[in-house]
Amino acid sequence: MLDREGSQASQSFLYQLKASRYFSVVRACQGYAELDDAIDQGICRVGVAIPHDYSHQLGAQGTATIQAIIDSSDQNTAAITKSYLEALVADESRRLLYQWASVKKLVRLQGPIAVDLRAWFNQDLASVQFVVPAIVVIVLAIAGTLLSSATVTREWECGTMEYLLSTPISRAEIVLGKLIPYLLFGVFEAIICILIAITWFGLQVKGGYLPLVIGTFSFLLVALGFDLLFSVITRTQLGASQLALVTSFFPAAFLSGAIYPIRLQPKAIQLITNLVPARYYSAVLRGSFLKGAGFGGLARDLAILIVFAAAILTLTIRRSAATLD
């Protein structure tokens, strides 16, 4: 929130905002730049700014306008936030109307407070802006699940793994040899998905392309690495594919925030989502397509994806060496 006046009237409105069970005040900003940063970084979902002449407008004109900036990268949450904020402003207007009528012994039909709502990142609250990045996350998760989960298991079931083990190549080279072809196919599929999102659905890469490329490549490494690890452990195609579906596809669909907002889920589930790589890739996609975020705004999510990729590949190679030996 940003109170540019600090009067009794503005503090009264902010008190109603704090008392509401639908809103929590996370930061009192000192200027519009700080308010903009809080929304860009995802610290708050809506920013409320009270003008410097709020009391003067109420006294002289009988009406005053406050500004509300909503993060509409999540279309469903933005629509709900808009409704709750409008209801709160209507309640405060009724309170002021009753107070004014009690003093003046008159009745006014026009509410004294109006809210100037501005939806950032998705001005029309178009669902396609929210749904398409979610579909890209799920499609790439499915690609990793269906492609690489049967790589090593097929060798064991066909009896050709012994031939590979008799060659002078190392265990790490076997794993990388199985991973790289599917990684290239996953990159090709990611390019197709992003091109469809841009040309068919009209999305724009408002941020830089490089963060999007790094995030996509890292997420593919994580997805394929997980599935390859399951393939090494189970040694059966059916077991690997089922385990990959449970641990890759379903978390990407339900725990990544791509479809269901993480903030609306139970606290225990919110903690679990921190271990879901798709959550961070979903943030990278929405930051690139909707918010226009660059490396500064996506640094945390990119760093976590890179750490996930490095950790899962290291674990896969070590586990593969132990299993193959």
Measure the spacing between CG of L184 and CZ of F188 and express it to the nearest 0.5 Å.
-> 11.5 Å
Would you please test F308 and L221 for side chain to side chain contact (heavy atoms under 4.5 Å, CB included) and show each step?
-> CA-CA 9 Å; F308 264 116; L221 282 177; over 6 Å; no
Taking side chain to side chain donor-acceptor pair (under 3.5 Å) as the test, write out the residues that go with T216, two or more places apart.
-> Y281
Nearest atoms (heavy-atom pairs only) where Q11 meets G6 = NE2-CA, 4.2 Å
Any side-chain heavy-atom pair from E5 and D3 closer than 4.5 angstrom?
-> yes
Looking at residues at least two apart in the chain, or sitting in another chain, which of them share a side chain to side chain donor-acceptor pair (under 3.5 Å) with Q265?
-> none
Around Q30, counting heavy atoms of other residues, nucleotides and ligands shown, do more than 12 lie under 6.0 Å from its CD?
-> no
Between V25 and L14, does a side chain to side chain contact (heavy atoms under 4.5 Å, CB included) hold up when you go through it step by step?
-> CA-CA 9 Å; V25 178; L14 293 179; over 6 Å; no
Out of curiosity, does V131 fall in the hydrophobic cluster containing V139 (side-chain heavy atoms, cut-off under 4.5 Å, transitive links)?
-> yes
Point-to-point distance, once rounded to the nearest 0.5 Å, from CD1 of I306 to CD1 of I214 = 6.0 Å
Measure across A49 and L35 and return the closest heavy-atom pair with its distance rounded to 0.1 Å.
-> CB-CD2, 4.4 Å
Minimum-distance pair of heavy atoms, taken over all atoms of C29 and L2 | O-CD1, 3.3 Å
Would you give the length of the straight line joining atom CZ of F289 to atom CG of L212, rounded to the nearest 0.5 angstrom?
-> 5.5 Å
What residues, two or more places apart in sequence or in another chain, satisfy ring pair (Phe, Tyr, Trp, His ring centres under 6.0 Å) together with Y32?
-> none
Set of side chain to side chain contact (heavy atoms under 4.5 Å, CB included) partners for A278, sequence neighbours left out = V137, F219, A252, S256, V276
Worked check of side chain to side chain contact (heavy atoms under 4.5 Å, CB included) between V48 and F23 | CA-CA 11 Å; V48 177; F23 296 97; over 6 Å; no
Distance, nearest 0.5 Å, that separates CG of L210 from CG of L302 | 9.0 Å
Do Y182 and V187 belong to the same hydrophobic cluster, where Ile, Leu, Val, Met, Phe, Trp and Tyr are linked whenever their side-chain heavy atoms lie under 4.5 Å apart, directly or via other members?
-> yes
Do the side chains of I262 and V136 join up, straight or via other hydrophobic residues, at under 4.5 Å, putting them in one cluster?
-> no
Are V205 and F295 connected in the hydrophobic side-chain network, where two residues link if heavy atoms are under 4.5 Å apart?
-> yes
Solution key, residues 190-204 side-chain donor-acceptor pairs under 3.5 Å, sequence neighbours excluded:
unit_1: T199; atom_1: OG1; unit_2: L195; atom_2: O; d: 2.6

Kindly work out whether a path of hydrophobic side-chain contacts (I/L/V/M/F/W/Y, heavy atoms less than 4.5 Å apart) joins F254 to I269.
-> no
What pairs with R279 under side chain to side chain donor-acceptor pair (under 3.5 Å), at least two apart in sequence or on another chain?
-> T273, N274
Show your reasoning for whether side chain to side chain contact (heavy atoms under 4.5 Å, CB included) applies to L183 and F217.
-> CA-CA 8 Å; L183 177 61; F217 190 79; 3.7 Å; yes
Search all heavy atoms of L275 against all heavy atoms of P277 and return the closest pair with its distance.
-> O-CD, 3.3 Å
Minimum heavy-atom separation for A38 to R27, with atom names?
-> CB-NH1, 4.2 Å
Can you measure from CG (L224) to CD1 (I312) and round to the nearest 0.5 angstrom?
-> 11.0 Å
Could you give the distance from CZ (R300) to CG (L298), rounded to the nearest 0.5 Å?
-> 11.5 Å
Heavy-atom closest contact (A309 atom, S218 atom, distance) = CB-O, 3.9 Å
